[in-house]
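Report on the following structure.
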Amino acid sequence: MVEDEYTLVLVKPDGVKTRHIGDIITRIERKGYRIEALKMINATEDELERHYYDKTDKPFWPEILTYMMEGPIVGMVVSGTNVVEAIHNMAGATNPGQAEWGTIRGDFGREWPDGVLRNVIHTSDTVDGAAREIKIWFPEFKF
Ligand SMILES: Nc1ncnc2c1ncn2[C@@H]1O[C@H](COP(=O)(O)OP(=O)(O)OP(=O)(O)O)[C@@H](O)[C@H]1O
């Protein structure tokens, strides 16, 4: 039997502000994946530094921090067969202007007039990465 995987989804502040929480949950559930945990979060600098540990030395790090703290986010743990790759693909390309139609970023993302790269959603990109990220946002979660 194929083991279920777990992945982390964050609906970022722009996704919450533009009212796409429901659309995103619907897409995940329609594919047959299970929402195992769900909460609204006001991200702290400490959580974001741990989550984006490989981005803190980038020139755009202050932009990510401001973006991710400009409003609440919605965190979810999602499970299912091959869920990590499937949901990462469902999110689409990092830049919403280049993301394919049919992906979450392609359909719900946009270019913002202030030039900040906002892309609606975060999804884990590996099984190990997902386990690390779930521990940051859902420390109480039992796999
Ligand atoms: N050049 C950039 N300018 C501003 N922000 C950026 C840039 N590159 C990446 N980011 C931000 O950092 C996040 C993580 O970058 P990464 O390259 O891991 O993209 P991703 O895997 O598509 O996104 P995520 O990890 O959020 O799912 C991006 O989602 C975006 O919010």
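In listed order, ligands and their atoms are each counted from 1. Note that the structure is predicted; figures quoted are calculated from it, not measured.
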> Just which atoms of ligand 1 are under 4.0 Å from any heavy atom in R105?
Replying inline: 22 (O), 23 (O), 24 (P), 26 (O), 27 (O), 29 (O)

>> Checking the N or O distance criterion of under 3.5 Å, is ligand 1 in contact with K12?
In response: yes

> Is the shortest side-chain N to carboxylate O distance from R110 to D14 below 4.0 Å?
Replying inline: no

>> Under the side chain to side chain contact (heavy atoms under 4.5 Å, CB included) test against V78, which residue among V84, I25, L38, T7 passes?
In response: T7

>> For atom 5 (N) of ligand 1, what is the closest protein heavy atom, and at what distance to 0.1 Å?
In response: F60 CD1, 3.6 Å

> How does E133 reach ligand 1, by side chain, by backbone, by both or by neither, if only non-hydrogen atoms under 4.0 Å count?
Replying inline: neither

>> Below 4.0 Å, non-hydrogen atoms only: which portion of E63 touches ligand 1? Side chain, backbone, both or neither.
In response: side chain

> Quick one: does N119 get a heavy atom under 4.0 Å from ligand 1?
Replying inline: yes

> Which is closest to atom 21 (O) of ligand 1 in terms of heavy atoms, K58, H122, M68, H88?
Replying inline: H88

>> Using the side-chain hydrogen bond (donor to acceptor under 3.5 Å, both in side chains) criterion, which residues pair with D107? Sequence neighbours excluded.
In response: R27

> At a 4.0 Å threshold, what atoms of ligand 1 neighbour a non-hydrogen atom of Y52?
Replying inline: 13 (C), 14 (C), 26 (O)

> Where the side chain of R105 meets the backbone of T103, is there a donor-acceptor pair that is under 3.5 Å apart?
Replying inline: no

> Counting each atom of ligand 1 from 1 as listed, which ones have a heavy atom of T123 under 4.0 Å away?
Replying inline: 27 (O)

>> Applying a heavy-atom cut-off of 4.0 Å, say which part of V116 lies close to ligand 1: side chain, backbone, both or neither.
In response: neither

> Of V120, N119, I121, which meets side chain to side chain contact (heavy atoms under 4.5 Å, CB included) against P96?
Replying inline: N119

> Where does the angle between the aromatic ring planes of H20 and F108 fall among parallel (under 30°), tilted (30 to 60°) and perpendicular (over 60°)?
Replying inline: parallel

>> Strictly by salt bridge (Lys or Arg N to Asp or Glu O under 4.0 Å), give each pair with a member in residues 40-50 just once, sequence neighbours left out.
In response: D46-R50

>> Between E140 and K39, does any side-chain N to carboxylate O distance fall below 4.0 Å?
In response: yes

> Does E70 pair with R118 as a salt bridge, N-O distance under 4.0 Å?
Replying inline: yes

> Strictly under 4.0 Å, does any heavy atom of H51 approach an atom of ligand 1?
Replying inline: no

> Considering only heavy atoms, which of N95, V120, L8, T94 lies nearest to atom 19 (O) of ligand 1?
Replying inline: T94

> What about Y67: any of its N or O atoms under 3.5 Å from an N or O on ligand 1?
Replying inline: no

> Backbone, side chain, both or neither: what part of K55 comes under 4.0 angstrom of ligand 1, heavy atoms only?
Replying inline: side chain

>> Looking at S124 and L8, would you say the former's side chain and the latter's main chain have a donor-acceptor pair under 3.5 Å?
In response: yes

> Considering only the protein, which heavy-atom contact is closest to atom 12 (O) of ligand 1, and what is its distance?
Replying inline: I64 CD1, 3.2 Å

